[in-house]
Q: 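Submitted below is the structure of interest, expressed as structure tokens.
Proteins come first, then strands; the chains are lettered A, B, ... in the order of their sequence lines, and each starts at number 1.
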Protein chains: 2
Amino acid sequence: MNATNDQQDIKREKILEASHQRFLHYGYSKTTMNEIAGDLSMSKALLYYYFPDKSELYMAVMRKLASDYLKQLEDKFGHFTNLREAFLFQVNTHHDFIVNNYNFFDFFRLNEQNLPDTIWETVGHIRNAEIKLLANAIQSEVDKGSIQAVTNPVEIVEVFLDALHGIKVGGSVPHKKLNFPHKEHLDEIHNKRLLLIDIFVKGLK
Amino acid sequence: MNATNDQQDIKREKILEASHQRFLHYGYSKTTMNEIAGDLSMSKALLYYYFPDKSELYMAVMRKLASDYLKQLEDKFGHFTNLREAFLFQVNTHHDFIVNNYNFFDFFRLNEQNLPDTIWETVGHIRNAEIKLLANAIQSEVDKGSIQAVTNPVEIVEVFLDALHGIKVGGSVPHKKLNFPHKEHLDEIHNKRLLLIDIFVKGLK
DNA sequence: ATTTGATAGTTTTGTTAAAAAAGTCAGGAC
DNA sequence: GTCCTGACTTTTTTAACAAAACTATCAAAT
């Protein structure tokens with residue numbers, strides 16, 4: 001019975017890998033269940049044996065990606081020597097996360113509204129982990145006495161994370177309002193975020 | 001000839017006022033040229049005598065609003081006693097601008113992409129004025145020696161303005177990704193922005 | 001120079017049919 | 001009983017097209 005479940009888990013994993021590749025290269029709506037099944041040389045019906053529907057399959061891939069990301073954050077939790085280091089780590093890790101899975105997230109841009117509700121749960125987990133990481137770093141500094149006491153570290157981190165998300169490209173004349181940045185702009189955005197960190201962390205001292 | 005032009009300008013102004021009201025209450029797409037003409041007891045054809053088309057009419061209203069906003073910024077240009085005051089002024093003025101014309105900007109949310117190109121020109125003017133105002137304030141402080149010298153004030157202001165735009169509501173669990181904030185959230189956003197100012201300005205010291 | 005009714009041209013909306021994809025199920029293999 | 005499939009049903013997407021609504025134009029009137 002355990003052996004059976006192992007087999008199941010292995011197959012589930014295979015399905016997730018194949019799905020990840022498809023979603024990564026073609027996005028959610030341009031990927032069909034038949035194609036995924038074809039990649040694995042199995043029938044479409046079998047996919048539905050392992051996953052209830054397409055969006056759950058997508059979400060399962062997403063949860064796996066998110067889980068990897070969360071793991072990276074947790075591994076470093078409480079191990080920072082100063083505030084700046086913590087903020088830098090969060091921004092850099094996040095940057096890599098987005099760059100490595102850029103096309104996968106086309107799903108967000110395409111559907112814009114009416115996404116499956118469960119997606120926000122995962123997004124919430126990620127955000128909470130980021131908040132926890134940075135709020136803890138702030139609290140540590142407060143305890144050490146190296147920055148002034150603050151009323152509410154979480155509130156500050158929320159503002160910081162929002163501010164990060166606001167950073168866009170297009171200096172002098174904004175041209176098109178595009179919610180999702182183009183891939184070739186990610187590095188420029190990243191650099192601006194590093195500048196924001198400099199100022200923000202200094203402002204907390 | 002001058003009298004004639006005066007008359008023209010007065011009528012143009014009337015049209016702009018009526019259009020403003022319509023756009024403000026019903027948004028761009030839910031306002032028809034017939035309705036505007038009806039409000040003014042004139043024929044639709046006459047509207048086209050004064051304005052080339054509907055989007056140009058909308059843009060004319062927008063330019064008027066933008067012009068008022070720019071005037072407010074210019075009146076205070078260089079008259080700040082410290083950096084914080086300048087940043088506060090910009091954020092507060094911007095807040096009032098959005099609140100007072102909230103529904104007018106539904107146009108942006110509805111059309112999202114494919115807006116008339118001229119709109120970005122006006123948006124650019126606003127942004128440039130904001131940048132100029134704040135960059136000047138920073139430079140003044142640098143000259144006074146009350147904050148450290150910075151390599152590029154404009155770059156810093158751009159990051160600040162982007163950060164401001166990123167401030168959203170929805171603390172713990174984000175629910176719906178909505179590009180345009182709801183009206184009832186504007187005050188909460190405003191308060192968060194004030195917090196950002198505190199930290200950001202301090203970070204420049 | 002201003003104004004309008006009539007009308008031409010275009011965009012939006014609603015309908016329907018065909019195609020494609022999602023999702024189901026009875027039954028076969030092990 | 002677990003895993004798997006081909007055939008099938010249901011739902012969604014796409015395309016085509018007609019009707020309605022709206023934008024935009026223009027000859028003629030004041």
Q: Just to be sure I understand the rule, does Lys11(B) reach a base, reach only the sugar-phosphate, or reach nothing, if contact means heavy atoms closer than 4.0 Å?
A: sugar-phosphate

Q: Starting at atom CG of Leu47(B), determine the distance to atom P of dT2(C), rounded to an integer number of angstrom.
A: 15 Å

Q: Arg12(A) has an atom CZ; how far is it from atom P of dT2(D), in whole Å?
A: 13 Å

Q: Would you mind reading off the distance between Leu46(B) atom CG and dT23(D) atom C1', rounded to a whole angstrom?
A: 16 Å

Q: Indicate, with a heavy-atom threshold strictly under 4.0 Å, whether Ser55(A) touches base, sugar-phosphate, or nothing.
A: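 Here Ser55(A) touches no strand at all.
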
Q: Please determine if Glu188(A) and Lys168(A) form a salt bridge, counting it only when a charged side-chain N lies under 4.0 Å from a carboxylate O.
A: no

Q: Could you state the atom-to-atom distance from NZ of Lys30(B) to C1' of dA21(D) in whole Å?
A: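 Distance, rounded to whole Å: 11 Å.
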
Q: Hey, what's the ring geometry for Phe97(A) with Tyr69(A), parallel, tilted or perpendicular (30° and 60° as the breaks)?
A: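 Judged by the thresholds at 30° and 60°, the geometry between Phe97(A) and Tyr69(A) is parallel.
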
Q: Rounded to whole Å, how long is the line connecting atom CD1 of Ile36(A) with atom P of dA21(C)?
A: 13 Å

Q: Step through it carefully: locate the ring centre of Phe104(A), locate the ring centre of Tyr28(A), and say whether they are under 6.0 Å apart.
A: no

Q: Using atom CZ of Arg22(B) as one end and atom C1' of dC22(D) as the other, report the distance to the nearest whole Å.
A: 15 Å

Q: Distance criterion of 3.5 Å, no angle test: do you see the side chain of Lys54(A) paired donor-to-acceptor with the base of dG23(C)?
A: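 Donor-acceptor pair under 3.5 Å: no.
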
Q: Looking at the side chain of Tyr49(A), which of dG6(D), dC3(D), dT3(C) is the nearest nucleotide?
A: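 Within the option list, the nearest is dC3(D).
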
Q: I want to verify a distance call: between dA22(C), dT4(C), dC22(D), whose nearest atom is closest to the Thr32(B) side chain?
A: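 In terms of side-chain proximity for Thr32(B), the closest of dA22(C), dT4(C), dC22(D) is dC22(D).
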
Q: Provide, to the nearest angstrom, the distance between the CE atom belonging to Met33(A) and the P atom belonging to dC8(D).
A: 21 Å

Q: Determine, step by step, whether Asp143(A) and Gln139(A) satisfy the side-chain hydrogen bond (donor to acceptor under 3.5 Å, both in side chains) criterion, reporting the C-alpha distance in whole Å, the side-chain angles of both residues, the deciding distance to 0.1 Å, and the verdict.
A: CA-CA 6 Å; Asp143(A) 295 344; Gln139(A) 193 57 52; 3.1 Å; yes

Q: Nearest-nucleotide wise, let me know which of Ala45(B) and Tyr48(B) is further upstream toward the 5' end of DNA chain D.
A: Tyr48(B)

Q: Leu57(B) has an atom CG; how far is it from atom C1' of dA24(D), in whole Å?
A: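 Going from Leu57(B) (CG) to dA24(D) (C1'), I get 13 Å.
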
